[in-house]
Protein chains: 4
Amino acid sequence: MGPASKRKRKVVRREQILEAAVRVFARRGFGNATVAEIAEEADVAAGTIYNYFESKEELFMSIPQLISEPMLATFLKDAFEGNEPTDITGEERLLARSCAKAIETLLQNLDLVKSILASVVTLDDETRAEYFRQPLQALTIMERYFRDRIERGIFREMNTAIVAQAYAVLVIMFVLIQELIRTADVAPLAYEEISQELTKLLLYGIEKR
Amino acid sequence: MGPASKRKRKVVRREQILEAAVRVFARRGFGNATVAEIAEEADVAAGTIYNYFESKEELFMSIPQLISEPMLATFLKDAFEGNEPTDITGEERLLARSCAKAIETLLQNLDLVKSILASVVTLDDETRAEYFRQPLQALTIMERYFRDRIERGIFREMNTAIVAQAYAVLVIMFVLIQELIRTADVAPLAYEEISQELTKLLLYGIEKR
Amino acid sequence: MGPASKRKRKVVRREQILEAAVRVFARRGFGNATVAEIAEEADVAAGTIYNYFESKEELFMSIPQLISEPMLATFLKDAFEGNEPTDITGEERLLARSCAKAIETLLQNLDLVKSILASVVTLDDETRAEYFRQPLQALTIMERYFRDRIERGIFREMNTAIVAQAYAVLVIMFVLIQELIRTADVAPLAYEEISQELTKLLLYGIEKR
Amino acid sequence: MGPASKRKRKVVRREQILEAAVRVFARRGFGNATVAEIAEEADVAAGTIYNYFESKEELFMSIPQLISEPMLATFLKDAFEGNEPTDITGEERLLARSCAKAIETLLQNLDLVKSILASVVTLDDETRAEYFRQPLQALTIMERYFRDRIERGIFREMNTAIVAQAYAVLVIMFVLIQELIRTADVAPLAYEEISQELTKLLLYGIEKR
DNA sequence: TATGAATGAGACTTCATTCAT
DNA sequence: AATGAATGAAGTCTCATTCAT
């Protein structure tokens with residue numbers, strides 16, 4: 001096996017461990033997760049993890065690398081850029097479609113989201129900033145979309161920072177709440193309906209016209 | 001000292017420990033918090049805690065008791081019940097005022113909210129249900145308010161479950177994000193502005209009329 | 001049990017652990033000694049050690065505290081100060097007696113000496129300086145004795161720093177070599193003879209007169 | 001490449017590893033030294049070491065092989081044998097020159113001496129005997145020299161075993177102390193001066209004549 | 001023969017819990 | 001009822017050794 005192949009295998013092994021770590025941190029949170037459990041999930045010996053990461057801490061800190069900038073940017077660009085501006089009904093369709101796609105992505109990466117949520121409170125400020133650097137930058141793409149539509153007279157004047165954050169928060173939290181807090185009393189809502197309702201809420205509010 | 005006074009002192013000491021636990025769990029999360037740290041925060045010896053709680057686990061499970069039903073119900077009744085229905089501008093004032101008051105309450109109980117957030121992912125389903133029983137019931141009071149206004153023709157027809165949850169989520173998460181994720185790049189928003197923007201968003205949406 | 005008695009017991013327990021540590025470090029050296037072995041030697045649980053010392057390292061660093069300054073100073077003062085100067089035969093008796101007493105003390109504290117020897121090479125410079133601060137200061141008392149006898153015309157002019165160190169080194173190393181390097185081929189020497197020979201060597205050298 | 005050349009390369013590689021091991025054991029002691037560090041110092045991979053030595057233990061046990069018998073014997077023969085006996089001043093010159101040369105050799109092999117010192121306490125009796133077999137035999141050459149000079153009436157009657165050991169110990173320990181225990185307070189002595197003082201001490205003692 | 005990734009036993013250390021005082 | 005020293009299970013991490021390449 002040549003050195004190129006070796007290097008490749010190292011990268012693969014590293015990802016294998018990192019992805020196992022995400023699943024375990026999602027189940028347990030950082031403090032409750034054990035290296036032994038991560039090792040078992042990754043199907044390697046405990047010691048092997050330390051050939052790829054300095055410590056459990058560093059392993060945890062490497063998770064944001066999985067939120068690859070291109071992935072996020074691509075998603076948002078697809079959703080919000082290069083779309084021909086149209087009338088309000090067209091925008092509603094666009095937003096609802098993006099929302100549905102975002103929900104789909106969230107469900108696929110639920111462990112990642114959960115592992116972040118499980119630990120966000122206990123992170124020190126610096127690490128937290130590192131964790132949220134990319135997602136927060138991504139919001140600016142949404143803001144640009146909103147600003148564009150304001151300029152074209154489709155949306156009203158507003159604080160785009162607040163609105164972009166509000167829309168993102170709503171989508172993420174609805175998925176999390178649905179997936180996490182399932183009580184016998186509360187019937188789960190269909191994601192289809194959630195997409196449409198949230199989008200309508202964003203566009204038209206609740207006032208009767 | 002009579003037996004009544006003794007019992008009272010026991011209750012007081014128990015709450016003293018529980019509140020200290022909330023602060024520590026908020027800082028560290030369940031897994032990272034130590035009984036020694038909770039003891040120091042409560043100004044008792046570590047052993048004393050075990051005179052009031054079976055284990056660290058039980059101590060943690062007792063936290064929802066602090067979300068007293070009356071407190072939550074009172075707040076929501078004050079905010080959403082017994083208000084004379086009025087025109088849309090009146091409702092805007094009402095909602096903005098409720099929102100501001102909710103933010104105030106959240107800030108006062110930030111440790112409690114943080115300690116719940118820190119642990120929600122790692123709780124088993126049963127405990128999680130226990131944690132969220134009261135807050136979820138509280139949502140029904142909001143729903144009743146929305147339904148009333150729909151019937152009176154002030155708000156449009158909508159899925160009140162989704163809208164009530166959305167409004168609650170928005171308020172809670174904006175406070176948490178502000179308090180937790182402070183990066184040097186992002187200037188903090190004034191809560192005053194947030195209340196107004198969120199309320200306007202809820203009522204009127206972002207469509208230009 | 002009052003708090004005074006408690007404090008006393010803490011001091012006793014601390015010494016119990018420290019003395020066990022000396023024995024184990026003497027057998028194994030710092031790197032090979034295990035906390036578990038020290039705990040067993042001290043007849044406490046492994047965890048208990050950490051109620052008295054921050055780490056294995058700090059435990060090791062606390063050993064010089066056992067070489068109490070007074071003990072060393074007292075020994076040397078008894079041996080070398082307040083002695084009426086006399087003729088060379090009187091000095092020979094004095095030195096031989098001191099030498100014998102030093103050997104006795106060394107044999108009683110052999111573990112301490114061995115534990116220092118076992119680790120001296122691997123210590124960082126700062127720790128090493130800390131370890132040797134007291135013994136090196138003690139040499140100055142011997143130097144004073146030599147200088148006094150030079151002034152009185154009993155000893156010849158010489159570099160007292162070198163001679164004091166030489167005498168101390170000889171005594172310590174003869175004991176260590178005897179106790180450590182016992183091969184079948186080499187018959188052990190009597191300490192009595194060593195004392196006398198080393199003292200004669202120091203005083204008269206090996207030249208035939 | 002012929003088999004002879006192959007065998008030679010094996011020997012060379014083995015020594016390369018052994019010498020690296022000496023340096024690392026001198027720095028860290030046996031317990032703290034790691035095979036990885038030795039491998040890096042020897043510029044080979046960790047696995048390679050196991051093609052030449054059974055274990056870290058065996059590697060350590062092979063160190064005495066570096067104290068080649070011829071080397072030691074040659075040095076001592078040059079110094080102490082075949083010298084024309086002369087008067088006491090001539091012997092002083094001879095001893096001072098030997099002492100200076102011994103110091104030079106010690107400084108050149110300081111790592112070896114340190115690695116032995118670092119481990120002497122923790123060795124089991126058998127290995128220790130193996131370590132010291134050659135050096136102890138070397139002492140007999142010195143003893144022969146002393147005995148010769150006694151017979152010729154230049155040195156006084158004495159226990160040559162003790163005196164030979166004393167002289168060797170003094171020289172070795174002065175070098176080690178100088179190289180190991182450097183505190184800011186103590187100015188280092190010139191080796192020139194040490195050679196002369198130790199030799200004079202050996203020959204004439206400290207008595208004023 | 002050389003490599004270095006994988007292994008897992010065993011080290012240091014923490015901390016929930018107990019219990020004598 | 002309160003204390004806090006003692007405990008030891010369990011966690012993180014290291015590193016000698018093996019073995020497929």
Side-chain angles (χ1 to χ4, degrees), chain A residues 1-3 5-7 9-10 13-14 17 31-39 42-59, chain B residues 1 6 9-10 13 31-40 43-59, chain C residues 1-3 5-7 9-10 13-14 17 31-39 42-59, chain D residues 1 6 9-10 13 31-40 43-59:
Chain A
M1 186 185 286
S5 175
K6 259 189 184 171
R7 215 173 321 124
R9 246 185 42 170
K10 270 204 100 164
R13 180 57 59 100
R14 196 188 137 94
I17 293 169
N32 298 104
T34 71
V35 173
E37 192 176 355
I38 295 168
D43 216 30
V44 297
T48 302
I49 289 179
Y50 290 87
N51 291 335
Y52 295 87
F53 301 91
E54 293 261 326
S55 63
K56 184 187 168 190
E57 182 101 12
E58 206 228 81
L59 174 56
Chain B
M1 185 186 291
K6 258 190 186 170
R9 241 187 38 180
K10 259 205 107 161
R13 179 58 61 100
N32 296 108
T34 71
V35 173
E37 194 177 356
I38 294 168
E40 197 188 14
D43 218 28
V44 298
T48 303
I49 289 179
Y50 288 83
N51 291 332
Y52 296 89
F53 299 92
E54 290 269 323
S55 66
K56 184 186 168 190
E57 184 100 10
E58 205 229 84
L59 174 57
Chain C
M1 186 186 286
S5 174
K6 259 188 184 169
R7 218 176 317 126
R9 248 184 43 171
K10 270 206 99 164
R13 181 56 60 100
R14 197 190 136 95
I17 293 169
N32 297 105
T34 72
V35 172
E37 193 177 355
I38 295 168
D43 216 30
V44 297
T48 302
I49 289 179
Y50 290 86
N51 290 336
Y52 295 88
F53 300 93
E54 293 261 326
S55 65
K56 184 186 168 191
E57 181 103 10
E58 206 227 82
L59 174 56
Chain D
M1 186 186 292
K6 255 190 186 171
R9 238 186 39 179
K10 257 205 110 162
R13 179 59 62 100
N32 297 108
T34 71
V35 172
E37 194 177 355
I38 294 168
E40 197 188 12
D43 219 27
V44 298
T48 304
I49 289 180
Y50 288 83
N51 291 331
Y52 295 89
F53 300 92
E54 290 269 323
S55 65
K56 185 188 168 189
E57 184 101 10
E58 204 228 85
L59 174 56

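To find a chain, count down the sequence lines: A is the first, B the second, and so on, and within it residues start at 1. The structure displayed is predicted, hence computed values, not measured ones.
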Where the side chain of A45(D) is concerned, which of dT12(F), dG8(F), dG4(E) is the nearest nucleotide?
dG4(E)
Restricting to non-hydrogen atoms, name the atom on A45(B) and the atom on A39(B) that form the minimum distance, rounded to 0.1 Å.
C-CB, 3.9 Å
OP1, OP2 of dT21(F) versus side-chain N and O of R9(A): anything below 4.0 Å?
no
dG4(E) P sits how many Å from R7(A) CZ, rounded?
13 Å
Heavy-atom distance under 4.5 Å between the side chains of Y50(A) and V35(A), does that happen here?
yes
Atom CD of E37(C) and atom P of dG10(E) are separated, to the nearest Å, by 14 Å
Can you tell me how far C1' of dA16(E) sits from CZ of F53(B), to the nearest Å?
15 Å
Any side-chain N or O of Y52(C) less than 4.0 Å from the OP1 or OP2 oxygen of dA6(F)?
yes
What's the spacing between F53(A) CZ and I38(A) CD1 if we round to 0.5 Å?
9.5 Å
For the CD atom on E58(D), are there more than 12 heavy atoms of other groups (residues, nucleotides or ligands in this structure) within a distance under 6.0 Å?
yes
Can you check whether R13(C) reaches V44(C) side chain to side chain, under 4.5 Å on heavy atoms?
yes
Any strand, both distances under 3.5 Å, Watson-Crick or G-U wobble: dT21(E) pairs with dA2(F)
Of all the nucleotides listed (dT13(E), dC13(F), dT17(F)), which has the minimum atom distance to the side chain of S55(D)?
dT17(F)
Spacing between L59(B) atom CG and dC15(E) atom C1', to the nearest angstrom:
15 Å
Need one value for A33(C): base, sugar-phosphate or nothing, where a base atom within 4.0 Å counts as base even if backbone is also close, heavy atoms only.
sugar-phosphate
With a cut-off of less than 4.0 Å, is there a side-chain N or O of T48(A) near OP1 or OP2 of dT7(E)?
yes
Rounded to the Å, how far apart are I38(D) CD1 and dT17(F) C1'?
13 Å
Find which nucleotide of DNA chain F each of A46(C) and I49(B) is nearest to by heavy atoms, and output the residue with the more 5' nucleotide.
I49(B)
Strictly distance-based, threshold 3.5 Å: is any side-chain N or O of K56(B) a donor or acceptor partner for the main-chain N or O of A33(B)?
yes
Once you apply the 3.5 Å cut-off to both distances, tell me the Watson-Crick or G-U wobble partner of dC13(F), or none.
dG10(E)
Considering only heavy side-chain atoms of K10(C), the closest of dA5(F), dT7(F), dC12(E) is dA5(F)
For E54(C) and D43(D), find the nucleotide of DNA chain E closest to each by heavy atoms; which residue's nucleotide sits nearer the 5' end?
D43(D)
Toward the 5' end of DNA chain E, which comes first, N51(A) or N51(C), by nearest nucleotide?
N51(A)
Spacing of N32(C) atom CG relative to dG10(E) atom P, expressed in whole Å
15 Å
Nearest nucleotide by nearest heavy atom, which residue falls closer to the 5' end of DNA chain F, V35(D) or R13(C)?
R13(C)
Whole Å only: how far is the NZ atom of K56(D) from the C1' atom of dG10(E)?
13 Å
dA5(F) C1' sits how many Å from R14(C) CZ, rounded?
15 Å
Considering just the side-chain nitrogens and oxygens of Y50(C), establish if one lies under 4.0 Å of OP1 or OP2 belonging to dT14(E).
no
